[in-house]
Engineer: 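One structure, pasted below without further comment.
The figures that follow rest on heavy atoms only: side chains count, while hydrogens, waters and symmetry mates do not. Along the sequence shown, the residues carry numbers beginning at 1.
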Amino acid sequence: MEPGERKKLPSASSEGDRREENKLKRGISLDSTSSPKLDRYKIAKQLTEKAIKEKKIFSIYGHYPVIRAILRRKGWVEKKFHFLPKVTLNVGDDSAGTTENKRAEGKENENMALEKTDDIHDVMSRLVKNEMPYFLWTIKRDVIDYHSLNGDQMLNHYWKTGSFTTKIGLCLNMRSLPWYAQANPDSFFPRCYGLCTESEKQEFLDDFRRTVASSILKWVVSHQTCDRSKPKSRREESGDSDPSNRKGPENDESKLRGLSGQLVDTACRVCQAYLGQREHEDIDISEDAVQDLTEDEWKDLTQQYYALVQGDAFISNSRSHFSQCQALLNRLTSVNPQIEIDGLRNIWIIKPAAKSRGRDIVCMSRVEEILELVAADHLPTKDNKWVVQKYIETPLLIYDTKFDIRQWFLVTDWNPLTIWFYKESYLRFSTQRFSLDNLDSAIHLCNNSIQKHLQNDKERSPQLPGHNMWTSTRFQEYLRRRGRSAVWGSVVYPAMKRAVVHAMRVAQARVEPRKNSFELYGADFVLGRDFRPWLIEINSSPTMHASTPVTAQLCAQVQEDTIKVVVDRKADRSCDTGNFELLWRQPAVELPPFHASDLCVEGVSVRKARKQMPPISSFSCSSSLSDSQPLAVRCPSATPDPAPGRPPTAPQQDLKLRNEKILSGRELGDDC
């Protein structure tokens, strides 16, 4: 067990069930327990009746033994799932919407449950087979007919969360953040584009070309101290200081292709144009006056850049451009917070828009190859959704190995938005040493679903765990030993909180809220060299499998603490919530008070002429308006009707007279 880890939760073993059964027996009445004829069925029946009365019936779809054991300890009874997706869990609808195969599978499961009558929980499940479950925990949201649930049924999912749980949804919605908060999404979310439309492809192409230009400037600045104007090897660039791994004399300047200083001038011109746009200096400049590069010039610039960063070329007399490049980079840093993570290679990560667990994700550094990959995909339009995101080329490394952080958070309400943040998280390491020479996903993706199929690199540090995971507590100890103990509490943890709140506020208007629902999410972060966390993606239904000692400990704990928040806290608002802390609760918006009796009508009364007026040839209302008087009366709906048979009072006569004037308004208008 890693240092700082807590003991594991007791599993739902048979011994635990026996202790639980004895505990439940003590809750039965004295007369029953003293009867010699008491059997397991009577115990189960009394416990089930108590659970039904207290509405403690639950159903689970998926492998969640921890949730099952926790609820049973709290007196809940499970209604077994004997059917599959899109079912209505109300009484009498158990077979609704199932296919023949699903009915057969459900029948098989039911028979298995009937055979296990020795287990008191199986007996209790049979007794509630016609009851409505009040707590539903499923691995997929579409298992349940979301809109058929009663108001008092709890479900661990919300509807329409794709705006932040899919890569394309998060990509597009984060752009709206400035409308919801005073924050820049580029400061914590690597820029990305959906490649399913031509406009998005063009925006990505423009970004790639701008990054080419800024990378040329970086190359000049980073090589100003070199004796000769030649590029570093790629291992040196990625932080490899082992002399045995450096390239030999075959990279001498005499064998490299020299590039003209005009390359730097062109890159500077591109960066200056970009800065002009960001600083709004191009507002008064006509489009015809803007001298952009032609496609041929872009192609030539890009090809020279490829040769430069791959170590096949160098820039002659690059030191003469140092001051200009340094000044431009400083200005770029002030308007683009992602300059540091861009690196020199212009590497992008291409992801299917709606897949998870790292499937079909690749890293590429050539724009033509990226566009060819997307163009070669002939899937239907609704499936042909690729997301390209800027790869973080300068991640924080631990023993020369890349890692990411899985951070849990819980949403218990969307209106008002209520978010709970988990104090514990865990790190996932790559099995291979980090290098930008090789863009294989085994090096750059830390998903356990990918890394578990790979062998750990023999050259990797023995200080890393064989199962490739650390708890956040273990990571904090690592930082403390290196004199950076304050970094987690002052930089990493608060920044992850802010990123989660920003993402949820942007998505709030798109999610379908439902009272009595909740959902646990898993956010993935990568730390930069300055320890700033970058949000990569947010996952619904994060895995809870005990794949390593770290997940065996933390996944069990987060499930128990989730039940504390969503179940225990309903009965006791001051109860223990484990490692969950309330991160965000949106202030309630109170509507202004409204009283119908306060309504009134204000205006000017119009009186009928005292004697018949001769026809008027011209339009003039001055004489009639001179007799007008101010009017301020209560709304007729707020004035009580006179009692039947009682003569109207003077104010009521005046009101009746005014109503008659309104009805005869056409005639009065003609008179004017």
Side-chain angles (χ1 to χ4, degrees), residues 1-5 190 232-246 340-341 343-345 347 349 357-358 361-363 365 390-407 425-485 487-488 491-492 496 522-537 547-551 554:
M1 181 177 294
E2 298 288 346
E5 293 182 359
K232 294 180 182 179
S233 70
R234 283 177 285 184
R235 284 196 177 273
E236 290 175 330
E237 183 181 302
S238 62
D240 191 349
S241 58
D242 186 355
S244 62
N245 292 329
R246 296 180 183 175
E340 173 62 26
I341 68 171
L344 289 174
R345 300 297 189 85
I347 299 173
I349 185 165
R357 302 192 301 276
I361 295 179
V362 294
C363 294
S365 59
K390 187 63 188 73
Y391 181 72
I392 300 174
E393 298 183 29
T394 57
L396 180 68
L397 303 179
I398 296 180
Y399 302 121
D400 296 327
T401 305
K402 185 183 175 181
F403 66 94
D404 67 7
I405 300 176
R406 167 58 61 89
Q407 175 65 58
S425 53
Y426 63 93
L427 280 63
R428 304 179 296 187
F429 291 95
S430 170
T431 56
Q432 314 297 313
R433 294 183 64 187
F434 182 76
S435 172
L436 294 178
D437 290 341
N438 187 351
L439 298 184
D440 191 286
S441 58
I443 298 174
H444 303 283
L445 299 183
C446 300
N447 306 58
N448 186 60
S449 56
I450 292 177
Q451 298 295 336
K452 68 182 180 181
H453 300 295
L454 304 173
Q455 295 293 327
N456 290 338
D457 188 354
K458 294 180 180 180
E459 297 181 358
R460 209 180 64 152
S461 172
Q463 299 292 330
L464 295 173
H467 52 71
N468 296 317
M469 287 189 185
W470 271 1
T471 63
S472 57
T473 302
R474 175 69 181 86
F475 179 49
Q476 293 175 64
E477 292 178 358
Y478 167 85
L479 294 173
R480 178 178 53 80
R481 290 199 302 268
R482 280 155 180 76
R484 307 302 298 268
S485 57
V487 168
W488 178 265
V491 179
V492 180
M496 290 195 299
D524 294 339
F525 291 90
V526 171
L527 302 187
R529 287 177 181 173
D530 56 358
F531 298 98
R532 288 169 54 194
W534 293 88
L535 176 63
I536 304 302
E537 62 184 16
S547 56
T548 69
V550 171
T551 53
L554 290 184

Engineer: Within the side chain of S485, is there an N or O that forms a donor-acceptor pair under 3.5 Å with the backbone of Q476?
Structural biologist: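 Looks like no, no N/O pair under 3.5 Å.
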Engineer: Is any side-chain heavy atom of H444 closer than 4.5 Å to one of I361?
Structural biologist: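 Side-chain contact under 4.5 Å: no.
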Engineer: For residues W470 and F403, establish whether the separation of their ring centroids is below 6.0 Å.
Structural biologist: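 Judged by ring-centre distance (under 6.0 Å), W470 and F403 do not meet the cut-off.
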Engineer: Is there a side-chain contact between I536 and D404, using heavy atoms and a 4.5 Å cut-off?
Structural biologist: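 A side-chain contact is absent here, since even the closest heavy-atom pair is not under 4.5 Å.
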Engineer: What I'd like to find out is whether the side chain of D437 reaches to under 4.5 Å of the side chain of R345, using heavy atoms alone.
Structural biologist: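 Yes, at least one pair of side-chain atoms sits under 4.5 Å.
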Engineer: Report the residues that fulfil side chain to side chain contact (heavy atoms under 4.5 Å, CB included) with D530, sequence neighbours left out, ordered by chain and then residue number.
Structural biologist: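 Per chain and number, D530 pairs via side chain to side chain contact (heavy atoms under 4.5 Å, CB included) with R532.
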Engineer: Just wondering, do T548 and Y426 contact through their side chains at under 4.5 Å, heavy atoms?
Structural biologist: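 They are not in side-chain contact.
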Engineer: Measure across E393 and L344 and return the closest heavy-atom pair with its distance rounded to 0.1 Å.
Structural biologist: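 Looking at all heavy atoms of both residues, the closest pair is OE1-N, 3.3 Å.
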Engineer: Say you draw a straight line from OG of S547 to CG of N468; how long is it, rounded to the nearest 0.5 Å?
Structural biologist: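 Rounded to the nearest 0.5 Å, the OG-CG separation comes out at 10.5 Å.
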Engineer: Where do A523 and L535 come nearest, in terms of heavy atoms and distance?
Structural biologist: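 Heavy atoms only, the tightest pair is CB-CD1, 4.1 Å.
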Engineer: In Å and rounded to the nearest 0.5 Å, what is the CG to CE distance from D524 to M496?
Structural biologist: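 Reported to 0.5 Å precision, the distance equals 11.0 Å.
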Engineer: Should L427 and I398 count as side-chain neighbours, where that means a heavy-atom distance under 4.5 Å?
Structural biologist: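 A side-chain contact under 4.5 Å exists here.
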Engineer: Under a 4.5 Å cut-off applied to non-hydrogen side-chain atoms, are F434 and T401 in contact?
Structural biologist: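 No, too far: nothing below the 4.5 Å cut-off.
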Engineer: Would you compute the distance between atom CG of L527 and atom CH2 of W488 and round it to the nearest 0.5 angstrom?
Structural biologist: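 Reported to 0.5 Å precision, the distance equals 7.5 Å.
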Engineer: Do you know which two heavy atoms are closest between S430 and R460, and how far apart they sit?
Structural biologist: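 Scanning both residues, the minimum pair turns out to be O-NH1, 2.7 Å.
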Engineer: Looking at every heavy atom in both G343 and T394, which two are closest together, and how far apart are they?
Structural biologist: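 Shortest heavy-atom separation between G343 and T394 comes out as CA-CG2, 4.4 Å.
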Engineer: Identify the heavy atoms of R529 and P395 that sit nearest to each other, and give their distance.
Structural biologist: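 The answer is CG-O, 4.0 Å.
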Engineer: Please tell me if the side chains of F475 and V487 come closer than 4.5 Å, counting only heavy atoms from C-beta onward.
Structural biologist: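 They are not in contact (no side-chain heavy atoms under 4.5 Å apart), so the answer is no.
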Engineer: Would you give the length of the straight line joining atom CD1 of I443 to atom CD of Q432, rounded to the nearest 0.5 angstrom?
Structural biologist: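 Interatomic distance, I443 CD1 to Q432 CD, rounded to 0.5 Å: 6.0 Å.
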Engineer: So which heavy atom on S425 is nearest to which on Q407, and how close?
Structural biologist: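 S425 and Q407 have their closest heavy atoms at CB-OE1, 3.4 Å.
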Engineer: Salt bridge between R433 and D400, side-chain N to carboxylate O under 4.0 Å?
Structural biologist: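 Judged by the 4.0 Å cut-off on N to carboxylate O distance, R433 and D400 do form a salt bridge.
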Engineer: I'd like to know if the side chain of K390 reaches the main chain of I347, judged simply by a donor and an acceptor atom lying under 3.5 Å from each other, with no hydrogens or angles considered.
Structural biologist: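 Yes, the answer is positive, given that a donor and an acceptor are paired below the 3.5 Å cut-off.
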Engineer: Kindly compute the distance separating CG (N438) from SG (C363), expressed to the nearest 0.5 Å.
Structural biologist: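 Nearest 0.5 Å value for the CG-SG distance: 10.0 Å.
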Engineer: To the nearest 0.5 Å, tell me how far L445 CG sits from T431 OG1.
Structural biologist: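 Nearest 0.5 Å value for the CG-OG1 distance: 10.5 Å.
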Engineer: Is the shortest side-chain heavy-atom distance between P533 and I405 below 4.5 Å?
Structural biologist: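 A side-chain contact is absent here, since even the closest heavy-atom pair is not under 4.5 Å.
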